[in-house]
Each structure stands twice: as C-alpha cells, then as structure tokens.
2 protein chains.
Amino acid sequence: MAVKLKDELKAAGRRLTRPRQAVLEVLEQCQYPLTASELYQQLQEHHVSIDLVTVYRTLTVLKELGLITQLELHQEGQFRYEIREGREHHHHIRCQGCGKIADLLLCPLKKLTAFIEKETRFIVEHHSLEFSGWCPKCQ
Amino acid sequence: MAVKLKDELKAAGRRLTRPRQAVLEVLEQCQYPLTASELYQQLQEHHVSIDLVTVYRTLTVLKELGLITQLELHQEGQFRYEIREGREHHHHIRCQGCGKIADLLLCPLKKLTAFIEKETRFIVEHHSLEFSGWCPKCQ
DNA sequence: TTCTCAACTGCAAGAGAGTTGCAAAAAGAA
DNA sequence: TTCTTTTTGCAACTCTCTTGCAGTTGAGAA
C-alpha cells in the first residue's frame, strides 16, 4: 500500500510524508471505520505524534486520492473513514448499546437506483445506507 | 394538528406554548425536511421571535413525542427534521448542485432487514437510506 | 379571576467536530 | 547541499448543538 500511496501522491503532485503513511497504516489495520479523533487516539497509542489538524487534512487528501471512503453512520453526527483498497462496496450496522460496527457485505440498491433515476429524473451519484440496532451482547 | 399537539404534550406532562406551535406549523407547511437554522430563519421571516436554543429544545420535545422525525442526509453533517403526521415511511434524494431535496416514497428494506437480522444476529431498530446526485436542472 | 408553582424561555457560556491563516519544517528535484 | 514548494503544528476560528441559570409563563387549583 505504501508504494501505491507514493505513486498516487506523486501523480497528484503531492508528497509522501510520515503522517500520511501513519494514517493510512492505522486505517489499514482497523476492522471498522474510524472517526478523526479515534484515529488521532490510535496514532498516539502507537507513539506517532501528529496534530489533529494534520489528521483532518490527511483524511481530506486520502479521500481525494480515492484511497479511503468517508461515511456517516445513523444519527452519529460525525464522519468516519475506512480504507477502500481490496474492499467491495458495502454498508454497516451499528449497535446502539456498545457502538460496535459490523460490515454488511451486500447492497440491494442497483435496481432501485435505476428506478429512482427514472422516477425522479435525478442522476444518482451516491447513496448511504446504514442500519442501527442491538448486537447479540447488548440485546 | 394543534389539538393533537396539545393532547400529546399534556399526556407527557408538558405545556402548549407559542414556540412549540410555531415550530410545528413551519414544519407542517414545508415540503422538505429543515435544519434547525433553516427553521429559525423561517420563523424570523414569519415574525415569530424565538431563540435558536428554544428551537433546538422544541425539536427535541417534538421528536420525543413522535410528532417529527430527525434525519441526516448524505454527507451534510447536520440534522434535518420533518413532520410525521400523515406521511408514510420514506427516504430522500438531495441534489449536490442546488441542495434540492425530494422524497422517495419507497422503502425496499423489509426483506433485507430480516436477512440482516438472521446473518448478523443484531436486532435492527432503525435504518437510514439517502441518495444524492444531480437534479434535472443541475445536470 | 387570581394565585401558585413547575415547566418553559432567553441569554450567556460552553462543548465538540471540523476549518483556516501563517510561520516554521521538511520533501524531493536540481 | 541548496532551493522551491508542499506540508505541518499551533492558535484561533466557525458552525452545530448543549447546558446552567435567572426570569417568565402556562394551566390547574382556589
């Protein structure tokens, strides 16, 4: 991934830096999408000293390069980020008790998107589909 | 609606006040979900003087009473509110150009919810499904 | 109608997520 | 190593939403 990161950055006239590598590494190793401040905490735990502002700016860059995806879970009121590499388009479910987030490796919206485009005459570019409820432990 | 509002408030040990009526009236007349500050602006345009803090508190109360629904549109980063009375469960599409929001009077998720519950062993309580794209004028 | 008191409101201040400006630091090409 | 340009850290700021508190008001009781 580090090589890919360097190439993508170079192609966009940008530089490979320690913060950018570190942010991408944390996201690569994490099994669920992180908020900016969770990411910042994890970096501190790994003794990587990066300002929170730099985390935000780095996330913006990685998003622009298409290496990560920005998403919002149901009623959380903040953004989360996850790595894109090697992952199919998918959705999430979040536990209202413990906050656990699980992937849903499905998307039933292809046909629906075509239908919506026909009905509304919008051109659909994105959709977000997130579930919330109670995980087995919190039920 | 005013009668219903009064009854609901009374049942919850709360009072019918001018701000609560005014907020509900604006939401009733609006064809799309409003943010707190849009609501505040519309109230000012109608020469109803209510503090923004009161708007937020009123929205919380109306939500608790089940008279309005709180929702988040794709990547907007703030909440919107819409009246619930007489409206089926539905979703939205928002134009990335002009911000226009249209209702989608459909929900394809009943079967999917059952499937997700079986697969993940979560109990699903809510879902959010929002689309964004380009409306006919902005294409 | 007036009284009474808990519920409500407005103001000021604060919390949390995310952004911007700027000077200092560092990447990387020459 | 030097030089130019990008990037970073710090401070300060914006925006959405919340909290504390003193003064106001709705509505049941007298």
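Throughout, a chain's letter reflects where its sequence line sits, starting with A, and its residues are numbered from 1.
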A.B. asks: Rounded off to whole Å, could you give me the NZ-to-C1' distance for the A:K10 and D:dT6 pair?
C.D. replies: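 Taking atom C1' of D:dT6 as the reference, NZ of A:K10 is at 15 Å.
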A.B. asks: If you look only at pairs with a residue in residues 109-139 of chain A, which of them pass as a ring pair (Phe, Tyr, Trp, His ring centres under 6.0 Å), with sequence neighbours excluded?
C.D. replies: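 Residue pairs with at least one partner in residues 109-139 of chain A: A:H89-A:H127, A:H91-A:H127, A:H126-B:H74, A:H127-B:F131, A:F131-B:H127.
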A.B. asks: Please report the distance, rounded to the nearest Å, between CD in A:Q75 and C1' in C:dA17.
C.D. replies: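 Rounded to whole Å, this separation is 17 Å.
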A.B. asks: For B:K63 and D:dT18, give me the distance from atom NZ to atom C1', rounded to whole Å.
C.D. replies: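 Whole-Å distance recorded here is 12 Å.
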A.B. asks: B:R14 vs B:E8, test: salt bridge (charged side-chain N to carboxylate O under 4.0 Å, His left out). Steps then yes/no.
C.D. replies: CA-CA 8 Å; B:R14 328 207 75 162; B:E8 294 277 349; over 6 Å; no
A.B. asks: Could you state the CD-C1' distance from B:Q21 to D:dG26, rounded to the nearest angstrom?
C.D. replies: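 Rounded to whole Å, this separation is 12 Å.
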A.B. asks: What is the distance, to the nearest angstrom, from the NZ atom on A:K6 to the C1' atom on C:dA29?
C.D. replies: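 Rounding to the nearest Å, NZ of A:K6 and C1' of C:dA29 are 12 Å apart.
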A.B. asks: If I take atom CZ in residue B:R80 and atom P in nucleotide D:dC17, what distance separates them, rounded to the nearest angstrom?
C.D. replies: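 These atoms are roughly 10 Å apart.
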A.B. asks: With the sugar-phosphate defined as primed atoms, P, OP1 and OP2, and the base as all remaining atoms, what B/S/- string results for nucleotides 7-16 of chain D, 5' to 3', for protein heavy atoms under 4.0 Å?
C.D. replies: SBBBB----S
A.B. asks: Any idea which heavy atoms bring B:L52 and B:A36 closest together, and the distance?
C.D. replies: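 Looking at all heavy atoms of both residues, the closest pair is CD1-O, 4.1 Å.
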A.B. asks: When the axes are fitted on five pairs at both termini, how much does the helix from C:dT1-D:dA30 to C:dA30-D:dT1 curve, in 10° steps?
C.D. replies: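 Roughly 30°, once rounded to the nearest ten degrees.
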A.B. asks: Judged by atom type as modelled, is there a donor-acceptor pair below 3.5 Å linking the side chain of A:T113 to the main-chain atoms of A:L109?
C.D. replies: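 Yes, because the side chain of A:T113 sits within donor-acceptor range (under 3.5 Å) of the backbone of A:L109.
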A.B. asks: Could you state whether A:F79 and A:I83 fall into the same hydrophobic cluster, counting links through intermediate Ile, Leu, Val, Met, Phe, Trp or Tyr residues with side-chain heavy atoms under 4.5 angstrom apart?
C.D. replies: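 Same hydrophobic cluster.
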A.B. asks: Quick one: which of B:E72, B:E38, B:Q70 gives a side chain to side chain donor-acceptor pair (under 3.5 Å) with B:R80?
C.D. replies: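 When B:E72, B:E38, B:Q70 are each tested with B:R80, the side chain to side chain donor-acceptor pair (under 3.5 Å) holds only for B:E38.
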A.B. asks: Verify, without hydrogens or angle tests, whether B:R20 (side chain) and B:K6 (backbone) share a donor-acceptor contact under 3.5 angstrom.
C.D. replies: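 No; judged by distance alone, with no hydrogens or angles, the pair does not exist.
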A.B. asks: Taking CG from B:L5 and P from D:dA27, how many angstroms apart are they, rounded to a whole number?
C.D. replies: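 The answer, rounded to whole Å, is 10 Å.
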A.B. asks: Please name the residue in the list B:Q75, B:E76, B:E130 that meets the side chain to side chain donor-acceptor pair (under 3.5 Å) test with B:R94.
C.D. replies: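 Checked B:Q75, B:E76, B:E130 against B:R94; only one passes side chain to side chain donor-acceptor pair (under 3.5 Å): B:E76.
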